[in-house]
Q: 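Once you've had a glance at the structure underneath, I'll fire off some questions.
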2 protein chains.
Amino acid sequence: MSTHSFTEENYLKLIYALVSRGADEVSTNALAEVTATRAASVTDMLKRLADKQLVHYRKYQGVRLTDEGERLALTIIRRHRLWEVFLVDKLGFGWDQVHEMAEELEHIRSDELVERLDSFLGNPQFDPHGDPIPTPAGHMPAAPSQKMADLLPNESACLLGVLDHSAAFLQHLDRSGLVLGCTVNVSEISPFDRSMRVTIPPGQTLFVSYDVARNLLVGPTKA
Amino acid sequence: MSTHSFTEENYLKLIYALVSRGADEVSTNALAEVTATRAASVTDMLKRLADKQLVHYRKYQGVRLTDEGERLALTIIRRHRLWEVFLVDKLGFGWDQVHEMAEELEHIRSDELVERLDSFLGNPQFDPHGDPIPTPAGHMPAAPSQKMADLLPNESACLLGVLDHSAAFLQHLDRSGLVLGCTVNVSEISPFDRSMRVTIPPGQTLFVSYDVARNLLVGPTKA
DNA sequence: ATAAATTTTTAGATTAGACTAAAAAAAGTT
DNA sequence: AACTTTTTTTAGTCTAATCTAAAAATTTAT
């Protein structure tokens, strides 16, 4: 039942994010970058987190989360994503507007609140960007990994998520009419710039640049 | 657009609460009591709030809010009460469970969030305890002021709010079947202990102690 | 109106979380 | 292998919000 500061929670979340997208251990500088602080501040915090047994830390060697640290990181990510669903589904915010608010809401410290929110939202499996919502016990479900850019001509797929979460990218998708859950069919790929001609229901055709296609996650169509 | 710390917001809210229930100015000791800190800490904070023009403060004389301080206090109270409505109406919490969570939620800093929440909840005028919800512009609507203990035999009234917000009191009301909005009719008042015999729909009779009756707010029946 | 009690303020410390500047370790280059 | 560059850590400082102990102002009581 010990309680952690907002700052500590944010470090855990960010360490999780950095580890899960590649490296085995996270460097001090990488953390300084994502926390928007200096390396010296990061070192301080890592020592504190190590004292609390939330990370494994060896000088000059980088960090990784302990089991308890990972469990905690995942409950925070769970809260973040559930609040995003609330903001979009219930309050009508756009998926490009909710990140900052969820950054604050994720720190509200009541497990019962989170579980009631979860049922109120209908136990969603994914957040508005298609990211999977961790279980209450702290397990991260598998996420789709195939990119739209990997599709071949004549293949169809279901649009499931985004890799780039920036407001600019999300707004671009809005303007293009690309919505999560929609079925896309690749009719042609330009050999020159790898841009795709795709059709989406109801029979609409659009061009998707490679830069966009490699930031979109797809899966098998529901058919 | 300047931003204030949680702590500053809490001081403002508590100063408002103390002023509105009596005294013209609030003493350092009274604030130390409600903030659960020491007088010396309060003095420090009052200086900081005075620097930010949120309170009028003169040494040894107590404090009161500036117009800007009061406006801010009321937006925080507005947020608190709206979140309480959300927790009770949408998530199904009991009215005795929501205070602590709302204490955290009230500090989420997005005006658009609050206004969208307000519409989502159907623009409620009162929180689950019958306290009026301040307007977005920072105006506190009038609250009912008549106490159930002031009713005379044979008078009827509508139960509108509570003065005591403790979980113990609220749970007592739950066990008694006293619900906000219900019509109460006083059939008899004991001259000995001022306890009341009241009837509530559907034709149920119960005894209400003076201690309970003076913590209940009533108004004219809707009829 | 003077002394005693209470309240409030000052002075000086502490903690979390940040900072800068400098030292130490690791990695990269000839 | 030795030198250079980069990364990380240490050492010392800063701010917000707290604390204790002591001093100052106000209030109460004789």
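So you know, we letter chains A, B, ... as the sequences are listed, proteins then strands, and number each from 1.
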Q: Roughly how many Å is it from CZ in B/Arg38 to P in C/dA13, rounded to a whole number?
A: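 Interatomic distance, CZ of B/Arg38 to P of C/dA13: 19 Å.
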Q: In terms of the angle between their ring planes, are A/Phe86 and A/Trp83 parallel, tilted or perpendicular, with boundaries placed at 30° and 60°?
A: perpendicular
Q: Please answer whether the main-chain N or O of B/Pro134 pairs with a side-chain N or O of B/Arg78 as donor and acceptor at a distance below 3.5 Å.
A: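 Between the backbone of B/Pro134 and the side chain of B/Arg78 there is a qualifying donor-acceptor contact (under 3.5 Å).
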Q: In whole angstrom, what separates A/Arg58's CZ from C/dA26's C1'?
A: 14 Å
Q: Take atom CG of A/Asn10 and atom P of C/dA16, then tell me their distance rounded to the nearest Å.
A: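 Going from CG in A/Asn10 over to P in C/dA16 covers 17 Å.
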Q: Both B/Gly62 and A/Thr7 contact DNA chain C. Taking the nearest nucleotide for each, which residue is further toward the 5' end?
A: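 Mapping each residue to its closest nucleotide by heavy atoms, the 5'-most match is B/Gly62.
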Q: On DNA chain D, reading 5' to 3', which nucleotide is the first and which the last to sit with an atom under 4.0 Å from a heavy atom of chain A, could you check?
A: D/dT7 to D/dT10
Q: Answer with yes or no after comparing the ring centroid distance for A/Tyr11 and A/Tyr16 against a 6.0 Å cut-off, counting only values under it.
A: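 Ring-ring flag for A/Tyr11/A/Tyr16: false, centres at least 6.0 Å apart.
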Q: Give a yes or no on this: more than 12 heavy atoms of other residues, nucleotides or ligands lie within 6.0 Å of atom NZ of A/Lys147.
A: no
Q: Taking only side-chain nitrogens and oxygens of A/Ser5, does any of them come within less than 4.0 Å of OP1 or OP2 of C/dG17?
A: yes
Q: Can B/Glu84 and B/Arg79 be counted as an ion pair, charged N to O under 4.0 angstrom?
A: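 Not counted as a salt bridge, because no side-chain N and carboxylate O are separated by less than 4.0 Å.
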Q: Just the rounded figure in Å: distance from C1' of C/dA18 to CE of A/Met45.
A: 10 Å
Q: Could you tell me which residues satisfy ring pair (Phe, Tyr, Trp, His ring centres under 6.0 Å) with B/His165, sequence neighbours excluded, listed by chain and number?
A: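 Partners of B/His165 by the ring pair (Phe, Tyr, Trp, His ring centres under 6.0 Å) criterion, ordered by chain and then number, come out as B/His129.
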Q: Check the pair A/Asp193, A/Ser190 against side chain to side chain donor-acceptor pair (under 3.5 Å), reporting the backbone distance first and the verdict last.
A: CA-CA 6 Å; A/Asp193 62 359; A/Ser190 158; 3.2 Å; yes
Q: Expressed as a whole number of angstroms, how long is the span from A/Tyr11:OH to C/dA16:P?
A: 14 Å
Q: Whole angstroms only, please: what is the CZ-C1' distance between B/Phe6 and C/dA16?
A: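 Going from CZ in B/Phe6 over to C1' in C/dA16 covers 16 Å.
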Q: Under 4.0 Å, counting only non-hydrogen atoms across every strand here, what does A/Thr37 touch: a base, just sugar-phosphate, or nothing?
A: sugar-phosphate
Q: Counting heavy atoms from C-beta on, name the nucleotide in C/dA26, C/dA16, C/dA21 closest to the side chain of A/Gln61.
A: C/dA26
Q: In whole angstrom, give the distance that lies between atom CG of A/Asp44 and atom C1' of C/dT20.
A: 13 Å
Q: Using a 4.0 Å heavy-atom cut-off across all strands, classify B/Thr43 as base, sugar-phosphate, or nothing.
A: base
Q: Mapping B/Asn29 and A/Ala36 to their closest nucleotides on DNA chain C, which lands nearer the 5' end?
A: B/Asn29
Q: Can you check the A/Lys52 NZ to C/dA16 P distance for me, whole Å?
A: 8 Å
